[in-house]
Undergrad: 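Below is the structure I would like to discuss, written out as structure tokens.
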Amino acid sequence: MNPVSAETNSTSETTNAHVAAGANAPLEKIALETYVPPAKPSLVGLSRAEIAEQLGAIGVAPAQRKMRVQQLWHWIYVRGAKSFEEMTSISKEMRAQLDQHLTAARPEVVAEQVSNDGTRKWLLRLPSGDSIEKAHEVECVYIPETDRGTLCVSSQVGCTLNCSFCHTGTQRLVRNLTAGEIVGQIMLARDRLNDWAGRVTPTGSRLVTNVVMMGMGEPLYNFEAVRDALLIVADNEGIGISRRRITLSTSGVVPNIIRTGDEIGVMLAISLHAVRDELRNELVPLNRKYPIAELLQACRDYPGSSNARRITFEYVMLKGVNDSLDDAKLLVKMLKGIPAKINLIPFNPWPGTRYECSDWDQIEKFSEYIFNAGYSSPVRTPRGRDILAACGQLKSETEKLSVRERQALRAMAMTD
Ligand code: SAH
Ligand code: SF4
């Protein structure tokens, strides 16, 4: 496919928040599929059956395959091996044979920023399949806290949806990440943090303990790759991050919400942001396809939700738009009967946006109402209007995270 012609589909309108937010704005752009697999495929992101297939293709005898798959799985996902050379329990000949045809490569890191408090941001360059085309870039952020370390992972380059308050939605270039590129983000975070088996930490536990699919892109518009990746991340014989410590955030792709519960079984976060369809149509245009009532029904039906496994409702605080006490009241009312948590996110403005973050005392009033209705403290640390820069609105520039951005990232990471 010619990427340029497909890109024109989004038109320059999508770079203009005013137009994109209008009722007639296109609901979504088309994702470009310009991924070209590397000459030597990476085993990262493949299921056990797919690895066995690759082994078959390079002539490994059927009787040997199961054992080899087990060995490779262990070396790659428990030990974090980046080359076959390191895999000393595999014979030298077999290692050479593997090396000739396959790799254990992760996405290429082109920039890394480390803050004083340990927050780290990596800029990744992914193959675009076209040398003229701008390189595909996504970010991945690690947020350490006392009781956990959360990795914010991307599912797409850009996003096909056009939420009017989201910077990612204005990007024209969109492509789905492969399962390997998604798992690869966790792998490279562990590489950079020296967080593989054998590493001695004061608590004995890993540094990356939680994963949130809150980076670039709509994970439920890349369902199969996200599912395959998260099943690998949760696999007990490998990376082993429990499903309860993995949260997938969606703008409300209703048909895939139940599938998420059935086929992945991770924690769910819903980007609600409005309690009336008219407003939500404008903030999250996907609402025109899947309105609030349908979305909430999917949440009621979400397999495995319970008081111990609550669904998180994200609500971005936009001044004079969705932050009145009436909104708070309706929010509480409409979530009745759903095991829910509410995360109030202070809006992070970006150049060209028509929205502003709610005033702090309005956020407090809103939060107090929700608290009194029985929802645990939704905003945890006071912060100003110009905060929050990473999850959900990851930028491709490699500027440094500010202190306030780091604080805000923590708020986003607090999903359980
Ligand atoms: N596409 C998915 C996941 C990525 S966005 C989704 O929409 O849920 C992660 C979160 O960041 C979402 O709740 C999103 O609405 C929010 N977000 C996006 N832009 C934001 C901004 N400028 N300020 C605050 N939150 C934002
Ligand atoms: Fe896409 Fe989520 Fe941004 Fe909406 S908020 S444009 S779904 S990344």
Side-chain angles (χ1 to χ4, degrees), residues 28-35 42 44-47 106-109 121-128 136-143 150-163 166-189 208 210-234 239 241 243 245-257 259-261 263-271 284 286 312 314 390-396 409 412-413 415:
E28 55 199 276
K29 309 183 274 281
I30 290 174
L32 298 167
E33 285 304 338
T34 53
Y35 172 72
S42 173
V44 172
L46 301 190
S47 66
R106 304 81 156 100
E108 181 195 357
V109 178
K121 184 165 86 162
W122 297 284
L123 178 69
L124 316 179
R125 185 174 299 145
L126 307 172
S128 67
H136 289 173
E137 289 179 343
V138 290
E139 285 178 3
C140 174
V141 183
Y142 171 70
I143 309 129
T150 304
L151 195 69
C152 183
V153 170
S154 294
S155 56
Q156 298 183 305
V157 176
C159 184
T160 58
L161 297 169
N162 298 309
C163 300
C166 174
H167 192 234
T168 302
T170 66
Q171 295 193 17
R172 297 198 311 154
L173 194 67
V174 184
R175 100 149 156 83
N176 283 333
L177 266 57
T178 64
E181 289 166 341
I182 298 167
V183 178
Q185 293 173 61
I186 291 113
M187 311 275 294
L188 68 86
V208 179
N210 291 51
V211 168
V212 291
M213 295 301 301
M214 291 186 185
M216 243 185 211
E218 168 49 58
L220 295 191
Y221 266 13
N222 186 13
F223 185 82
E224 279 79 14
V226 167
R227 175 197 59 202
D228 295 352
L230 294 183
L231 291 179
I232 291 173
V233 174
I239 296 174
I241 297 178
R243 285 172 170 77
R245 289 176 171 274
I246 302 175
T247 302
L248 182 150
S249 174
T250 179
S251 57
V253 186
V254 165
N256 284 345
I257 288 179
R259 286 188 75 191
T260 301
E263 298 177 37
I264 322 179
V266 291
M267 306 298 284
L268 184 67
I270 301 286
S271 294
V284 184
L286 186 65
T312 301
E314 295 153 282
C391 297
Q393 29 166 349
L394 297 177
K395 295 172 273 177
S396 303
L409 265 169
M412 294 283 299
T415 48

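All values reported here derive from a predicted model rather than from experimental measurement.
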Undergrad: What's the spacing between Ser154 OG and Glu181 CD if we round to 0.5 Å?
TA: 11.0 Å

Undergrad: Atom CD in Gln156, atom CG in Asn176: separation rounded to 0.5 Å?
TA: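 Here the rounded value is 5.0 Å.
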
Undergrad: How far apart are the C-alpha atoms of Leu286 and Tyr221, what are their side-chain angles, what is the distance that settles it, and do they pass the side chain to side chain contact (heavy atoms under 4.5 Å, CB included) test?
TA: CA-CA 11 Å; Leu286 186 65; Tyr221 266 13; 3.3 Å; yes

Undergrad: What are the two closest non-hydrogen atoms of Ile246 and Ala234, and how far apart are they?
TA: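 So the two residues come closest at CD1-CB, 4.1 Å.
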
Undergrad: Is any side-chain heavy atom of Ser249 less than 4.5 Å from a side-chain heavy atom of Ser271?
TA: yes

Undergrad: Any non-hydrogen side-chain atom of Leu126 less than 4.5 Å from a side-chain atom of Arg175?
TA: yes

Undergrad: Can you name the nearest heavy-atom pair linking Cys140 to Leu124, along with the distance?
TA: CB-CD1, 4.4 Å

Undergrad: Distance check, rounded to the nearest 0.5 Å: Met216 atom CE versus Cys152 atom SG?
TA: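 The distance works out to 11.0 Å.
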
Undergrad: Rounded to the nearest 0.5 Å, what separates atom CG in Asn162 from atom OG1 in Thr170?
TA: 9.0 Å

Undergrad: Could you go through the side chain to side chain donor-acceptor pair (under 3.5 Å) check for Glu218 and Ser155 one step at a time?
TA: CA-CA 7 Å; Glu218 168 49 58; Ser155 56; over 6 Å; no

Undergrad: Measure the shortest side-chain to side-chain distance between Val266 and Met213 over non-hydrogen atoms and say whether it is less than 4.5 angstrom.
TA: no

Undergrad: Less than 4.5 Å apart, any side-chain heavy atom of Val253 and any of Pro255?
TA: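 Yes - at least one pair of side-chain heavy atoms lies under 4.5 Å apart.
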
Undergrad: Could you tell me whether the side chain of Leu231 reaches within less than 4.5 Å of the side chain of Arg243, counting heavy atoms only?
TA: yes

Undergrad: So how far is it from Phe223 CZ to Ile264 CD1, rounded to the nearest 0.5 Å?
TA: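 The distance works out to 4.0 Å.
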
Undergrad: Please tell me if the side chains of Glu224 and Arg259 come closer than 4.5 Å, counting only heavy atoms from C-beta onward.
TA: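 With C-beta onward as the side chain, the pair touches.
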
Undergrad: Run the side chain to side chain contact (heavy atoms under 4.5 Å, CB included) test on Leu268 and Thr250 for me, step by step, so that the C-alpha distance in whole Å, both residues' side-chain angles and the decisive distance to 0.1 Å come before the verdict.
TA: CA-CA 8 Å; Leu268 184 67; Thr250 179; 4.2 Å; yes

Undergrad: Does the pair Ile232 and Ile186 meet the rule for a side chain to side chain contact (heavy atoms under 4.5 Å, CB included), with working shown?
TA: CA-CA 11 Å; Ile232 291 173; Ile186 291 113; over 6 Å; no

Undergrad: Does the side chain of Val157 reach to within under 4.5 Å of the side chain of Leu177, using non-hydrogen atoms?
TA: yes

Undergrad: Which atom pair, heavy atoms only, marks the closest approach of Ala179 to Ala229?
TA: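 Closest approach of Ala179 to Ala229: O-CB, 3.7 Å.
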
Undergrad: Are the side chains of Ile239 and Val183 in touch, meaning some heavy atoms are under 4.5 Å apart?
TA: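 Sidechains of Val183 and Ile239: in contact.
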
Undergrad: For Val226 versus Pro219, what's the shortest heavy-atom pair and its separation?
TA: CG2-O, 3.5 Å

Undergrad: Of the non-hydrogen atoms in Val44 and Gly184, which two are nearest, and what is the gap between them?
TA: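 Where Val44 meets Gly184 most closely, the heavy atoms are CG1-N, 4.1 Å.
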
Undergrad: State, to 0.1 Å, how close Val174 and Cys159 come at their nearest heavy-atom pair, and which atoms those are.
TA: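 Of all heavy-atom pairs spanning Val174 and Cys159, the closest is CG2-O, 3.5 Å.
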
Undergrad: Could you go through Glu263 and Asp228, starting from their C-alpha distance and side-chain angles, then the distance that decides it, and tell me whether this counts as side chain to side chain contact (heavy atoms under 4.5 Å, CB included)?
TA: CA-CA 9 Å; Glu263 298 177 37; Asp228 295 352; over 6 Å; no

Undergrad: Atom OG1 of Thr168 and atom CD of Gln171: how far apart are they, to the nearest 0.5 Å?
TA: 5.5 Å

